[in-house]
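Only one structure is covered here, and it is reproduced in the block below.
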Amino acid sequence: MTQANDNTAERLGAFETRLDRIEELFANQTSAMMEGLRELSQQTISLANRVDQLTGRVDQLTGTVEVLAREGAADRAVMREMQTEIRQIWQYLESQQRSRGNGQG
């Protein structure tokens, strides 16, 4: 029976050794996964901050584009008025030239 006890003790020792190796591997894998999760969390926070910054910049650009569009519309209105005035001046000058050509000037 001592041989059976020795055999059982030997098997138990091998089992404990395997269990210790599995526990060590599990601890190492868990540690590596936790480190990866910490890095991923930091990267996610960094990306979220960049998205917030970019959103702010896009909002600023949107405001700038709206201002430029309004100013462009106002400039076009002024240009139309100037073109109308130039056309009226041109027509006046043409009528003055015609009336001089007809001997009325």
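Quantities reported herein were computed from a predicted structural model and do not represent experimental measurements.
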task: Would you check if F15 and R11 make a side-chain contact, meaning some heavy-atom pair closer than 4.5 Å?
output: no

query: Hey, is the main chain of S95 close enough, under 3.5 Å, to the side chain of S99 for a donor-acceptor pair?
result: yes

- request: Give the cluster check for I89 versus I86: same hydrophobic cluster or not, with ILVMFWY residues linked at side-chain heavy-atom distances below 4.5 Å.
  value: no

From [atom1] ([X]) to [atom2] ([Y]), nearest 0.5 Å:
X: S46; Y: E39; atom1: OG; atom2: CD; result: 13.0 Å
X: F26; Y: M33; atom1: CZ; atom2: CE; result: 8.5 Å
X: W90; Y: E94; atom1: CH2; atom2: CD; result: 6.0 Å
X: L12; Y: N7; atom1: CG; atom2: CG; result: 11.5 Å
X: L25; Y: T30; atom1: CG; atom2: OG1; result: 10.5 Å
X: Q88; Y: T84; atom1: CD; atom2: OG1; result: 6.5 Å

Under 3.5 Å, sequence neighbours excluded: what are the donor-acceptor pairs made by side chains of residues 55-77?
unit_1: T55; atom_1: OG1; unit_2: V51; atom_2: O; d: 2.8
unit_1: T62; atom_1: OG1; unit_2: V58; atom_2: O; d: 2.8
unit_1: T64; atom_1: OG1; unit_2: Q60; atom_2: O; d: 3.0
unit_1: R76; atom_1: NH1; unit_2: G72; atom_2: O; d: 3.4

Carboxylate-amine/guanidinium contact R38 E35, below 4.0 Å: yes

